[in-house]
Amino acid sequence: MRVEGSEYRLRIAPVSFLLLGGLGGLVLILWPLYPPLLRLAPLGVVLALAAWFIVLSRLRVSGPEEFLGLVAAISGGAGGAGEADGNPSGGPPGL
């Protein structure tokens, strides 16, 4: 079996939220070194917290079982791969 090609897509909305959150965090880190950034500090707090809450809300709807299932599906091991080694949850050994 050969892979003819692969396609990668960038999810624009989540990446832009994370970039804005990172920009807000960067403002919060750099304002002591560059004081004119202090007037942007409230915006930095809002951006960083908004990105964090968006990430947390996404984690609440998908737990570790769903995450491990997604990783197994992406790696091509979906199905009984976890059950063969005695782990019915399909996670890594020992979990």
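Computation of the quantities below employed the complete heavy-atom set of this structure, encompassing side-chain atoms and omitting hydrogens, waters and symmetry-equivalent molecules. Source: prediction; values computed, not measured.
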For this session: Over all heavy atoms of both residues, which pair between Ala48 and Gly25 is shortest? Give the atoms and the distance, please.
Result: CB-N, 4.1 Å
Problem set entry | Test applied, side-chain contact (heavy atoms from CB on, under 4.5 Å); reference residue, Leu28; option that passes from Leu37, Leu47, Leu43, Val45 | Val45
Distance-only donor-acceptor pairs under 3.5 Å for side chains of residues 14-24, two or more places apart:
{"from": "Ser16", "atom 1": "OG", "to": "Ile12", "atom 2": "O", "distance (Å)": "3.1"}
{"from": "Ser16", "atom 1": "OG", "to": "Ala13", "atom 2": "O", "distance (Å)": "2.8"}

